[in-house]
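Data block below; observations after.
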Amino acid sequence: MIEKLAAMGIRLTLDAEQIIKEKNDERLLEALVALKKPLITKSDVDSVLAQRKEELKVEVRGTTGFVPLAKDYESDIQVVHTRDVTGKSRTKGEVENFVSYFRNRYTRISRFLRIPGAESLVDLKDIKRYLNERVRINVMVSSKKETKKGNLLLEVEDLTGSFKVVFSSNSRNEKLAEKAKGILLDEVVSISGKVLEPYIIADDIDWPEIPVMRERKKSEKDLAIAYLSDTHFGSRYFLEKEFKSFIDWMHGRGEAKELAGKVKYVIVAGDLVDGIGIYPNQEKELVVKDIYAQYKMFDDFVESLPDWVEVIICPGNHDAVRRGEPMPAIGKDLISSDVTSVGNPSTVVVEGLKHLIYHATSIDSMIANLPNASYSHPEKVMVEYLRRRHLSPIYGGNLIIPENIDYMVVDDEPDVLHCGHVHKNGYTQYRGTLLINSGTFQDRTEFQVKQGHVPSPALVPVSEIKSGRLRTLDFKSG
Ligand SMILES: [Fe+2]
Ligand SMILES: [Fe+2]
């Protein structure tokens, strides 16, 4: 122990050395190193020990009056296996896989584009029979460009053929031109317009959307769910002290004890660890350079939670599963603690509330392509997932594996959409769905400084499922 200090060039007075030997406590050693003094005296050791005693007192005092309601309830978690790729990946990345993938996407989303009262729907193979008439087409956008005159020219296709669509930029159509700016490549939309060979001149566009008349679902039980994401264990930016405060809070040490006692579930939306070789020179930013050791840190976290708490996890782009989405669940070889491990994305029904959990790797390409989208409001981009009924509309914007089924289609509107990836908390409600981006426990990285991105670490959203109330707990220190 003493040797460790000597190796760091830290000297000790004899009486300090005596106490350290007696205590034989790694944490004491860490606290002394943190003082960053070249010479440690007895009074340094005494003050560190006194401070630790004081912290302990706070913890002990803090737990009185803690009533863990969640302890009295059985857990209620159902994984919707049809929405999870785990164990079901069949693709070989061949042409027919791509064809099935896009047909599946088109067929499933276009079902939501049957607009009541709208003009009759025309297949693209028949489009030339409707010259000078108004038609409606349900199509996938295969290319998008601006013409010299500033009009928007789309190439679109359905299962029967392809055609071109023009959105005019002239001032009579300002509202429509604005709407058309939100069109993304590869998404499935409904367009109405007049057929004027060789184009359709569009006069409206609709997205599949989720239904309007929905109320947010609640539960009978007075329990709560804590939402976490992007813990990035192993990173040198991981906020250990703040994370420890979160764990302490879960044990009823701190403010809002009543809420802490209701937390039955912790759901983590990916990037559990920082991973290895995720980006060039990442090793310089790691304090733990072994992937198993990084996941061991996550296991230790699960073990440190009160034993009545259930943990649900999905992977993100930093986790050790395949890089392309949909991602299978993180295996038992990496996480051995008792968790519900699901794929990314996944649907998990918790206490009757349908949770769509998605790491949200596609947020980057959505922000790059949608007007008015930004990293400071991830919840606004999450609304666009629901409006488009797709979690990653732009094919190739991030790595997507063409499975025969498109796991990113949102068939079934969720009660909660939980995402991460951008390290920025954001919440909203949209048509009866609660949208949560649960932020991070990683401090601002150098890369984020260069990007000008300001993350919001150590803020944990907690939802009370009976009242529907969402609160954000702040574990930032200082
Ligand atoms: Fe992350
Ligand atoms: Fe991520």
Side-chain angles (χ1 to χ4, degrees), residues 227-240 242-243 246 266-288 291 294-295 297-298 301 313-330 334-335 341-346 356-368 373-379 381-382 385 391-392 394 397-401 408 417-426 436-461:
Y227 296 91
L228 291 184
S229 186
D230 296 79
T231 42
H232 286 266
F233 282 103
S235 161
R236 82 173 155 97
Y237 300 101
F238 170 62
L239 293 167
E240 194 174 354
E242 289 77 358
F243 200 69
F246 166 67
V266 173
I267 306 181
V268 195
D271 283 0
L272 276 53
V273 299
D274 208 44
I276 311 280
I278 307 293
Y279 53 86
N281 297 321
Q282 188 194 10
E283 60 280 4
K284 287 182 195 154
E285 311 216 309
L286 292 175
V287 280
V288 179
I291 193 74
Q294 290 183 1
Y295 281 108
M297 293 170 83
F298 191 86
F301 152 58
I313 55 162
C314 91
N317 56 311
H318 280 252
D319 285 293
V321 294
R322 76 176 183 193
R323 288 296 279 276
E325 289 174 343
M327 294 170 173
I330 301 168
L334 294 167
I335 291 191
S341 181
V342 295
N344 170 40
S346 265
L356 177 54
I357 309 166
Y358 173 48
H359 180 60
T361 321
S362 72
I363 274 193
D364 298 319
S365 67
M366 296 285 276
I367 290 173
S374 77
Y375 283 97
S376 47
H377 289 286
E379 73 283 4
V381 184
M382 290 163 65
Y385 290 148
L391 297 172
S392 188
I394 309 163
N398 45 289
L399 189 59
I400 296 286
I401 311 281
M408 317 302 274
L417 171 60
H418 177 207
C419 294
H421 186 60
V422 280
H423 297 202
K424 179 83 184 170
N425 291 62
I436 298 175
N437 196 301
S438 54
T440 183
F441 267 91
Q442 191 186 38
D443 207 356
R444 195 180 190 199
T445 63
E446 276 171 34
F447 180 66
Q448 289 165 341
V449 172
K450 275 185 212 149
Q451 271 186 320
H453 178 44
V454 184
S456 57
L459 299 178
V460 178

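As a basis for the values below, the full set of heavy atoms in this structure was taken, side chains included, without hydrogen atoms, waters or symmetry mates. Counting starts at 1 for both ligands and their atoms, following the listed order.
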Worksheet item: With a 3.5 Å cut-off and no angle check, do the side chains of Q294 and D274 form a donor-acceptor pair?
Response: no
Worksheet item: Given the side-chain rings of F298 and Y295, with only the six-membered ring counted for Trp, is the space between their centroids under 6.0 Å?
Response: no
Item to complete: Check the surroundings of atom CD in Q451: do more than 12 heavy atoms from other residues, nucleotides or ligands lie under 6.0 Å from it?
Response: yes
Worksheet item: Quick check: does N317 put an N/O/S atom under 2.8 Å from the Fe ion (ligand 2)?
Response: yes
Worksheet item: Under 6.0 Å from the OH atom of Y279, do we count more than 12 heavy atoms belonging to anything else shown?
Response: yes
Practice prompt. Give a yes or no on whether H318 keeps an N, O or S atom under 2.8 Å from the Fe ion (ligand 1).
Written response: no
Practice prompt. May I ask you to check whether H421 brings an N, O or S atom to under 2.8 Å from the Fe ion (ligand 2)?
Written response: yes
Practice prompt. For the Fe ion (ligand 2), decide whether D271 has an N, O or S atom at a distance under 2.8 Å.
Written response: yes
Worksheet entry | Heteroatom of H359 nearest to the Fe ion (ligand 2) (N, O or S, atom name) | NE2
Discussion item. Looking only at N, O or S atoms, which one in H423 sits nearest to the Fe ion (ligand 1)?
Written reply: NE2
Worksheet entry | Residue D230 atom name (nearest to the Fe ion (ligand 1); N/O/S) | OD2
Worksheet entry | Side chain proximity check, D364 to H421, heavy atoms < 4.5 angstrom | yes
Worksheet entry | Pair F243 + F233: ring centers closer than 6.0 Å | yes
